[in-house]
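Notes follow the structure.
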Amino acid sequence: METELINPVVDEIEKQLMEQIKKQIGYLIHLKSNIKNLEDKFQNLLNRRLVVNLKIDAAECNGEIIDPEVQRWVIKVDNIKEDVQRFLEEDVKANNMCLDGWCPSPKTRYSLSRKAKKKTLEIDGLLSGAPDVTKVSYPPPPPGMRSLSLEGIMDLESRTKMMKEILEALRDDKINMIAICGMGGIGKTTMAKVVEKRAKDDKLFDEVGIAVVSQTLDLKMIQGQIAEMLGLKFVEEYPLARAERLKARLRGSKSVLIILDDVWDALDLEAVGIPCGGLHNKCKILLTSRSEEACTQMKTQKIFPIEVLSEEEAWNLFKEMAGNCVDTPSIHPIAKDVANECGGLPVAIVTVGRALENKSETEWSAALQQLKNAIAKNITGLDSKVYSSIQLSYSYLKSDEAKSCFLLCCLFPEDDDIPIEFLVRYGVGQRLFAKIDTVAEARNRVHAIVKNLKRSFLLLDSGRGEICVKMHDVVRDVAIAVAENQGFLVRCNEQMEEWPEKDSCERSTAISLVSTELKRHPDGLECPKLELLKLLFKGGTSQTLPPNLFKGMKGLKVLSLIGMPFPSLPQSINVLQNLRTLQFVGCEITDASAIGELRKLEILGFFGCKIKELPREMRNLSYLKFLELTECNNLERIPPNLLSSLSHLEELCMFGGNCVDWEPMEGNKEEEEANASLTELMSLSYLVVLKIQIPNIKVLPKDLAFKNETIKFQIFSGDNQKIYEDDYKEYFCSLFKNILRLASCDVSDIVESQMLLQLFKKSEILELKGIKGLKNIAYELDKEGFQCLKVLEVCDSYDVEYVMDATSDQNPRAALPTLESLELVDLPNLKEIYHSQFPERSFSGVCFGNLKSLELSTLPRLIGFCTGVGPVELLQPSLNREVGRIGTDEVTNLEKHKMTEIQQDTSPFPESTPIISHKLFSSNTILWAPNLENFILYKADSLEVVFDLEGLRANTDHQRIAVLAQLKTLEVKNLSELRYVWKNVPLGIQGFQKLTSIEVSECHRLRYLFPTSIAKLLVELQSIKIGNCDAIENIVQRDGEEEATDIKPYSFEWSSVKKIYLQHCPKLKTIGSEIQSPRKLKKINRELDSRPNEQELGSPGFVRRCLECVPRRKNDGLMVVSNQGTTNKSQKSYSVKEEGTLGKPNDPKVGDSNNPSEIGSLFPSHIIESIELNHCDLLEVIFQLEELNVEESHMAQVLDQLRELVLYYLPKLTHIWKKGLERIMGFGNLRLLKVHGCNSLTYLFSPSIAKLLVMLETINVGYCEKIEEILARAGEEEEEKDVLFHKVNSISLKGLPNLKFFCNEANALEWPSLKEIKVINCPSFITFIPSKLSTPKLEGVYNGDLKGVEMCHWMGDLNAAIEHIFKGREEQANHDTQQEEQFEVTMDIQMMDRR
């Protein structure tokens, strides 16, 4: 019996033992195959990493946000990459040297094979978990809340106080729902908007979701708004399923704030999908509402009633709006009374103040009387004074046209974007505009009116730019109330199933209905006064209109149908003989033949409709002025002679993916199957606007021109792609620009078309893609050189060599005189932008004088902007430089001969052979674009210098030279031969002073970024980003003038730098290099010297290098990030010699060429907000804080605005902060400290530094091999005080093999905010702090492995939980070690027996 029980156990043990033996022996046998497999898998991983990297770069260029999972995967790959490379290059290579790789030591073979297998498994895990390259990023969240532009009121004391109270409530863990309540127009939304911004700035929450609830409840709309802000995409259709999905998303968020704006009634949060109360304290909710009762019913924990402004605050705001006229003695008392009539309501104060701005005394008196006599409407939640103030603003509009446009806006649903173009079409149909004959004139008038309405705060800006506006919900309520007196009937209740009361409709002049279920329609409706009918169908449900609906609407002038789900129109539409505007948006209509009876029709629009063919009956519409067929993707046929019959047509718009097969010429096919020809448009003498997308340029008439020479056009040819949002902004913009986009065609077809040649002369925006045979853009396409062109974009055109070739005397005028934007992408044979000099008769000294934006991308043969001006510099060649790309027309015959010889010789270049240095801008050409603001340079592999300023001289009257004085952003990426961004900078230069952002990456020959003479000019620089530059050593490098020893030291400041990002710069030593003074230079002419004349060493901004902690006091301290062995002394121990060297007093070595002086300070201490350093292999110290000798009454403020410090893979970093002192103040705003892969670091900070980090919230440390503790012991010079981490809520410790404690002394005992701590793969971590801790919010310690598996442990105490984890880990490790050691002993014994 016992045998039967034991045998299976023994068998299982034997089986497992044999498996282990096979596995271990396999390591010996399969060494080569394991190594080969590792190499193959490693290469696969590197290839995958490259693909992901390319996708990340592309996503970042599009402003998208990289998925955090993708970022984590990249970090893991980068982490294992170095380890595997070291293993293959050192361990494997060294052991393969013996006996052709067959090592005599089995133990060595076993160890190598086992390691190779283990690393292969790790790589397999990374490959299997590799991100989908189609999903590495997601679009950025939309902008936050929009409200009436009343942010100025937030500076008032009452509002500032309330904002602070709301933020404090949001920080309170016992509160998860608060509300801001008050009447309409009091400023609730404005307050919520400012709270949202402050919460984001202060990083109170990881995410913020916002939804406008409105009076008409729509769960799907609310869910959709929140989801869009959170980057969540719903696949579910029904609200219940969407709620569950949203709830899961919010529960998974670390911390999230949900703002629900304009809540009218109690909202069921569960139905929306918002977790609330109980365990869901990670999700907080902020409501704004007119109803305290609704908020109370929702169990809001704290309600902030927002009150009217005090009399003093109200008057100050009113004065700001009304202007200086209120100080006029005769107006002042009246203005005081008017302000009082506004009742302290911000929206009333703003609208009335703006309406009366700079008005006469008589107008002020009349306004006061009107306000006092106003009869308030009974509008729920709206104060009577708000109503009367907005009504006053309305009545003070200067024209009936403005009043009509304002009232038209209330026809749209609450919080909707209102297309200005719809106002134009409605206005034209209703004849609202006096003395207006054309649609274009009406459009200009409406845009001018809208601008004035926005200035009066009656309308608001929309997130969609100039094409739309918004109406504040309070203003809309008043507008509807006013409009009702003029016969407007507005019902936007989507649940409405039937029309309003019959008598209401019959009295109406304008009706706007919005519904998802409009089932019952009135029969025999008589509306003799009705001029405008707008029906918006939502939800896509099957609905129909009764056949006789329009029978009693014979006076109708405007009919707008949106989302109409039925294919044909009611029969009664033919009675609408006065209809002038008919608009279909997103309708299912396929049969529009009835339209032919509407002979007075002037505006006809099909936008996004399913119509397949225009009816022949449309030939009757001889008064039609505007025809739109945009995004009608099913449109295939326009009958011939239809367009030519529209004799009064002014505008034809056909954007989007229609499939019309245009005939090249008229009359080529039988009418039954024929299509229209664009030739028909040539006969339309009134045509002034043409917006059309065509399949190719061959359908354009070649030899005919438009009858109207002033025609405006937007023509897209080829690449029948979808029109994007930016295109529509241009499409609907009132400031219409002539646009021509040509793709996938031959230049010979272009030049044969007289029509295109005519359009070129008038084009303001020209985009060329894939044009074959085109070499010289400007004069080859337009012999006059595009005199009107403002934007030029050229891409994917293989043959292009020059933008302008001005070598011919036949070019009468300088080309592109008005160009503002130039974009050249993927032109493999482009050599120069401008070839040769401008003709003497047209050259005025400034070329490209209007150019503001320049992008040059993927131009492998580009050798300069223009190489035909200025001297050609000869340099010694590098050994691995290509020569095939070298050569210009200006090279002498001798030089050509030499280069020919070089090209024929494949051996390395002889040192004596000169070649041409390719510089993009020379000292001459850099002055051609004085207004350049944005410059991107990418993948131009022939360039070695971006800005070469050699030869620039000051004028004879010593005026300074301004170079690119308007440049704001500079991006230089992926230039394989680039050696200098700036070179040969002369004395006396001025310029680049508006540069705010510079980004440089993938420039592996670049050794430094700025010479000091340029660095000191960058007074507005805010962001520096440098990545993947293998050779860069310094950010700022001394240039020739800094070698002078006969001048006094000087300083410069970057007074607005906020962000520094350095990544993968393995040779980076310092931000600024040390300056040696090996020789004296001749005296510098001070009149030409551009340096600030600072005489004192202690002047603000002087002294030291790198990310220096520079107090703005008379004594400064030094920060070092170099391994150069610098001497760190306080300023007090230095003196300045007349020769300009910096040394100790009475030091005999002063003036010695071996005694280095220090570079000027680069970064003021109070500015920088973010620092990220990544893969900078030589950095040893980030912040070196020297004794400051601060006066008793002062404290040294150091980097007091720094919020984020991120350090990645700095292998030689030994200190983040070094020599922190009691009298230092600073780092008080640091929120995030993240340190990964710093293998020389033994601790993070000392107690004296930790005491400064009063706002620190997140500590994240990973993969630092030598770190033993996070908080070091107090030094002898440090006073022992408790360290307080009151704000820290998250600690993550990963991959720290030697970490034993957070702190090894009884310090830092209070952790009131700590919610989360992760300890992953820290095998030596035995306790947090050797004392009892207070962590009231902590619920557990997360422990796991690097594969992402995590478990939560809690023993009631942080130290107990860590000890429990350590104990279990130790037992498992001992078991594994014993097994491996036992096997290795067995193997050694067997080998000894064989011997």
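What you see below is based on every heavy atom in this structure, not just the backbone, and it leaves out hydrogens, waters and symmetry mates.
Close placement of the Phe786 and Phe760 rings is indicated, their centers lying within 6.0 Å of each other.
For Lys551, the NZ atom counts as loosely surrounded, since its 6.0 Å shell holds 12 or fewer non-hydrogen atoms of other residues, nucleotides or ligands.
In this structure the side chain of Phe626 reaches within 4.5 angstrom of the side chain of Arg443, judged on heavy atoms. The shortest side-chain heavy-atom distance between Ile638 and Met654 falls under the 4.5 Å cut-off. When side chains are defined from C-beta on, Ile420 does not count as touching Ile467, because their heavy atoms never get closer than 4.5 Å. At a threshold of 4.5 Å between non-hydrogen side-chain atoms, the residues Lys712 and Val688 do not count as touching. Residues Leu652 and Val689 are not in side-chain contact: their nearest non-hydrogen atoms beyond the backbone lie 4.5 Å or more apart. Between Phe406 and Val482, every side-chain heavy-atom pair lies at or beyond the 4.5 Å cut-off. You'll find the side chain of Leu601 stays beyond 4.5 Å of the side chain of Arg580, heavy atoms only.
With respect to Asp461 and Lys470, no salt bridge is recorded, no charged nitrogen being found less than 4.0 Å from a carboxylate O. Note on Arg741 versus Glu767: salt bridge recorded, some NZ/NE/NH1/NH2 to OD/OE distance being below 4.0 Å.
Panel note: side chain Asn675, backbone Glu636; a donor-acceptor pair is recorded below 3.5 Å. A donor-acceptor pair under 3.5 Å is formed between the side chain of Ser677 and the backbone N or O of Glu663. Looking only at distances, a side-chain donor or acceptor of Asp591 sits under 3.5 Å from a matching main-chain atom of Ser593. Side chain of Ser717 to main chain of Ile697: a donor-acceptor pair is present (N/O by atom type, distance under 3.5 Å, no hydrogens or angles). In this structure, Gln714 contributes its side chain and Lys691 its backbone to no donor-acceptor pair below 3.5 Å. In terms of modelled atom types and a separation under 3.5 Å, the side chain of Asn452 and the main chain of Ile449 share no donor-acceptor contact. Ser763 places no side-chain N or O within 3.5 Å of a backbone atom of Leu740 that could act as its donor or acceptor partner. Without hydrogens or angle criteria, Ser508 side chain to Ala510 main chain gives no donor-acceptor distance under 3.5 Å. Glu680 places a side-chain N or O within donor-acceptor distance of the main-chain N or O of Asn641, the cut-off being under 3.5 Å.
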Worked verdict on Leu513 versus Leu536 for side chain to side chain contact (heavy atoms under 4.5 Å, CB included): CA-CA 6 Å; Leu513 306 179; Leu536 193 160; over 6 Å; no
Evaluation steps, side-chain hydrogen bond (donor to acceptor under 3.5 Å, both in side chains), between Asp417 and Ser462: CA-CA 6 Å; Asp417 287 310; Ser462 160; 2.6 Å; yes
Side chain to side chain contact (heavy atoms under 4.5 Å, CB included) between Leu397 and Leu458, worked out: CA-CA 10 Å; Leu397 292 174; Leu458 292 173; 4.0 Å; yes
Criterion side chain to side chain contact (heavy atoms under 4.5 Å, CB included) on Val469 and Leu460, from CA distance to verdict: CA-CA 6 Å; Val469 288; Leu460 305 175; over 6 Å; no
Verdict with reasoning, Ile603 to Val439, per side chain to side chain contact (heavy atoms under 4.5 Å, CB included): CA-CA 9 Å; Ile603 306 271; Val439 177; 3.9 Å; yes
Glu401/Arg445 under salt bridge (Lys or Arg N to Asp or Glu O under 4.0 Å): CA gap, chis, key distance, verdict: CA-CA 9 Å; Glu401 295 173 355; Arg445 180 76 60 86; 2.8 Å; yes
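For the atom pair CG (Leu621) and OG (Ser645), the distance works out to 8.0 Å, reported to the nearest 0.5 Å. Taken to the nearest 0.5 Å, the CD1 atom of Ile750 stands 4.0 Å off from the SG atom of Cys745. Note that CG of Leu533 and SG of Cys505 are 9.0 Å apart. Values are rounded to the nearest 0.5 Å. Rounded to the nearest 0.5 Å, atoms CG (Asn574) and CG (Leu598) are 8.0 Å apart. The line from CG of Leu532 to NZ of Lys534 is 9.0 Å long, rounded to the nearest 0.5 Å. Atom OG1 in Thr710 sits 7.0 Å away from atom NZ in Lys762 (nearest 0.5 Å).
The two residues Glu506 and Pro528 have their closest heavy-atom pair at O-CD, 3.9 Å. Here the closest heavy-atom approach between residue Ala676 and residue Pro639 is recorded as CB-O, 3.8 Å. Closest approach of Ile692 and Trp662 over heavy atoms only: CD1-CZ2, 3.9 Å. The two residues Cys632 and Ile611 have their closest heavy-atom pair at SG-CG2, 4.3 Å.
In terms of the side chain to side chain contact (heavy atoms under 4.5 Å, CB included) criterion, residue partners of Tyr686 (sequence neighbours excluded) are, by chain and number, His648, Glu650. Applying the salt bridge (charged side-chain N to carboxylate O under 4.0 Å, His left out) rule to Arg599 yields no partners; only residues at least two apart in sequence or on another chain are considered. Partners of Arg476 by salt bridge (charged side-chain N to carboxylate O under 4.0 Å, His left out), not counting sequence neighbours: none found. Scored by the ring-ring contact (aromatic ring centres under 6.0 Å, His included) test, Phe412 finds no partners at all (sequence neighbours excluded). In this structure, the side chain to side chain contact (heavy atoms under 4.5 Å, CB included) partners of Ala483, at least two apart in sequence or on a different chain, are Leu407, Cys410, Phe488. Annotation: ring-ring contact (aromatic ring centres under 6.0 Å, His included) contacts of Phe713 (sequence neighbours excluded): none. Contacts of Ser647 classified as side chain to side chain contact (heavy atoms under 4.5 Å, CB included), with partners at least two apart in sequence or in another chain: Ser622. For Lys220, the salt bridge (charged side-chain N to carboxylate O under 4.0 Å, His left out) partners at least two apart in sequence or on another chain are Glu237. Residues satisfying the salt bridge (charged side-chain N to carboxylate O under 4.0 Å, His left out) criterion with Glu588, sequence neighbours excluded, are Lys610. Taking the side chain to side chain contact (heavy atoms under 4.5 Å, CB included) definition, one finds that Lys612 meets it with Asn634, sequence neighbours left out.
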Distance-only criterion, 3.5 Å: show the donor-acceptor pairs between side-chain atoms of residues 552-571 and protein atoms not counting sequence neighbours.
residue	atom	partner	partner atom	Å
Ser560	OG	Tyr426	OH	3.1
Ser560	OG	Gln583	NE2	3.4

Using atom types as modelled, flag every donor-acceptor pair under 3.5 Å from a side chain in residues 429-438 to any protein atom, sequence neighbours excluded.
residue	atom	partner	partner atom	Å
Gln430	NE2	Glu531	OE1	3.3
Arg431	NH1	Val428	O	3.2
Arg431	NH1	Glu602	OE1	3.1
Arg431	NH1	Glu602	OE2	3.4
Arg431	NH2	Glu602	OE2	2.6
Thr438	OG1	Glu441	N	3.1

